[in-house]
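Read through the structure below, which is laid out as structure tokens, and then see the notes.
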Amino acid sequence: MSNTITDVKAVLFDLDGTLLDTLTDLADSMNAVLARLGHPTHPRDAYRYFVGDGLEILAKRVLPEADCHQPMIQRCAEEMRTEYQRRWADKTQPYEGIAELLDSLSDRGLRLTILSNKPDDSTKLMVNHFLPDWQWSQVRGARPQTPKKPDPSGALAIAGQLNLAPQQFLYLGDTNTDMQTATAAGMYPVGALWGFRTRTELEESGAKAILHHPLDLLKLI
């Protein structure tokens, strides 16, 4: 399915499920909130399909249908933000092969960027903590005036900041949201199978290449 692509000047990475394995800390945080609010909790792997689209969407997905009304959604999302601020570094770590991939891309002179649906301040905090050894041209999380992924606005803003055409970006992510964002932005969508979702989802959402390991990315460039 994958072919070597040319004229790539930059790589845009998703954060959760692509660079960092954040699933356990996300699940633990939200389950703590749900238990405190008197709601049922969920297995860790269920969060593979709950996360990725921002805190309010996460709250809607985890709450029981009978309690999924706006005041509870907002309360759940706010408490999740606070809880996650306490737990975000407990078990999270970069995936195997990410450090070597970033070294190789940097050696080739490619610009490294990140776009996440996490809040902007949390995104920058996590990158500074877990990925401090690489020069990031842009690190962008969710901002109040910019629609979240899969809207392409954030990705296009990154391209504009770097004075590059969207077609010069390879976009690596692990969910349908990422593949839809890349396609809408005119970037080259690549799916990461080590993340949260399945090959079928990635392919059906527009992935032009599917990778089993981070270093497989080097074969595309």
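- The closest side-chain heavy-atom distance from Leu26 to Met80 is below 4.5 Å.
- In this structure, Asp21 contributes its side chain and Pro94 its backbone to no donor-acceptor pair below 3.5 Å.
- A 6.0 Å sphere centred on CD of Glu96 holds no more than 12 heavy atoms belonging to other residues, nucleotides or ligands.
- Residues Gly97 and His213 approach most closely at CA-CE1, 3.9 Å, considering heavy atoms.
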What's the verdict on side-chain contact (heavy atoms from CB on, under 4.5 Å) for Leu193 and Leu211, showing C-alpha distance, side-chain angles and the deciding distance? CA-CA 6 Å; Leu193 279 185; Leu211 308 183; over 6 Å; no
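- A single hydrophobic cluster is seen to contain both Val127 and Phe130, as judged by linkage of ILVMFWY side chains at heavy-atom distances under 4.5 Å, directly or through other members.
- Tracing side-chain contacts under 4.5 Å through hydrophobic residues (I, L, V, M, F, W, Y), one never reaches Leu217 starting from Leu12; they form parts of separate clusters.
- Salt bridge Glu79/Arg75: present, at least one basic N to carboxylate O contact under 4.0 Å.
- Defined by atom type and a distance below 3.5 Å, a donor-acceptor pair is present between the side-chain atoms of Asp178 and Tyr171.
- Phe169 and Val11 are assigned to two separate hydrophobic clusters, defined by single-linkage of ILVMFWY side chains at heavy-atom distances under 4.5 Å.
- In this structure, the separation between NZ on Lys148 and OG on Ser116 is 10.5 Å, given to the nearest 0.5 Å.
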Let me see the working for Asp16 and Lys118 under salt bridge (charged side-chain N to carboxylate O under 4.0 Å, His left out), right down to the final yes or no. CA-CA 9 Å; Asp16 296 60; Lys118 265 186 162 61; 2.4 Å; yes
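- If you check the side chains of Trp134 and Asp103, you find a donor sitting under 3.5 Å from an acceptor.
- A salt bridge links Asp120 with Arg143: at least one charged nitrogen is closer than 4.0 Å to a carboxylate oxygen.
- Within the model, atoms CZ of Arg44 and CG of Asp28 stand 9.0 Å from one another, a figure rounded to the nearest 0.5 Å.
- Both Tyr84 and Leu37 sit in one connected hydrophobic cluster of ILVMFWY residues. Membership requires side-chain heavy atoms under 4.5 Å apart, directly or through other members.
- Distance CG/Leu20 to OG1/Thr92: 7.0 Å, rounded to 0.5 Å.
- Pairing each heavy atom of Gln138 with each of Leu162, the nearest pair is CG-CD1, 3.3 Å.
- From Met179, atom CE reaches atom CD of Glu204 across 13.5 Å, with rounding to the nearest 0.5 Å.
- Remark: Gln70 CD is packed, more than 12 non-hydrogen atoms of other residues, nucleotides or ligands lying under 6.0 Å away.
- Atom CG in Leu112 sits 6.5 Å away from atom OG in Ser137 (nearest 0.5 Å).
- Smallest separation of non-hydrogen atoms from Ser29 and Glu83: O-CG, 3.5 Å.
- With hydrogens and angles ignored, the 3.5 Å screen pairs no side-chain donor or acceptor of Arg111 with any backbone N or O of Ala10.
- In terms of heavy atoms, Asn128 sits closest to Pro132 at O-CB, 3.3 Å.
- In this structure, Thr146 and Arg140 approach most closely via the heavy-atom pair OG1-NH2, 3.0 Å.
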Which is it for Phe13 and Leu102 under the side-chain contact (heavy atoms from CB on, under 4.5 Å) test, yes or no, and what are the steps along the way? CA-CA 11 Å; Phe13 294 94; Leu102 297 177; 3.8 Å; yes
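- Cluster membership for Val8 and Leu215, using ILVMFWY side-chain heavy atoms within less than 4.5 angstrom, is shared.
- The shortest non-hydrogen separation linking Thr18 to Tyr95 is O-CD1, 3.6 Å.
- Inter-residue side-chain proximity for Leu170 and Ile221 is flagged as met; some heavy-atom pair is nearer than 4.5 Å.
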Yes or no on salt bridge (charged side-chain N to carboxylate O under 4.0 Å, His left out) for Asp53 and Lys149, after CA distance, side-chain angles and deciding distance? CA-CA 7 Å; Asp53 297 300; Lys149 301 184 289 185; over 6 Å; no
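- Side-chain contact between Trp194 and Asp174 is absent, with no heavy atoms from C-beta onward closer than 4.5 Å.
- Side chains of Arg48 and Thr198: no donor on one and acceptor on the other come within 3.5 Å.
- At least one side-chain heavy atom of Pro64 sits less than 4.5 Å from a side-chain heavy atom of Asp67.
- Put simply, the residue from Ile158, Leu15, Thr123, Val139 that forms a side-chain contact (heavy atoms from CB on, under 4.5 Å) with Leu115 is Ile158.
- In this structure the side chain of Leu63 reaches within 4.5 angstrom of the side chain of Cys76, judged on heavy atoms.
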Stepwise side-chain contact (heavy atoms from CB on, under 4.5 Å) test for Arg199 and His212: CA-CA 10 Å; Arg199 171 186 285 272; His212 291 273; 3.2 Å; yes
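- For the residue pair Arg61/His42, the side-chain donor-acceptor check at 3.5 Å is not satisfied.
- Residues Asn176 and Leu202 have side chains not in contact (no heavy-atom distance under 4.5 Å, counting atoms from C-beta outward).
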Could you walk me through whether Glu56 and Lys60 pass salt bridge (charged side-chain N to carboxylate O under 4.0 Å, His left out), step by step? CA-CA 6 Å; Glu56 280 214 4; Lys60 289 179 182 179; 5.1 Å; no
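- Between Met30 and Thr41, every side-chain heavy-atom pair lies at or beyond the 4.5 Å cut-off.
- Taking the side chain as every heavy atom from C-beta outward, Gln135 and Ser106 never approach each other to under 4.5 Å.
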Between Thr113 and Trp136, does the side-chain contact (heavy atoms from CB on, under 4.5 Å) criterion hold? Intermediate values first, please. CA-CA 6 Å; Thr113 67; Trp136 298 97; 5.7 Å; no
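- Of the possible polar contacts, none joining the Asp151 side chain to the Pro147 backbone as a donor-acceptor pair under 3.5 Å is found.
- The 12-atom threshold is exceeded at CZ of Arg36, counting heavy atoms of other residues, nucleotides or ligands nearer than 6.0 Å.
- Atoms CE and CG, on Met187 and Leu164 in that order, are 9.0 Å from each other to the nearest 0.5 Å.
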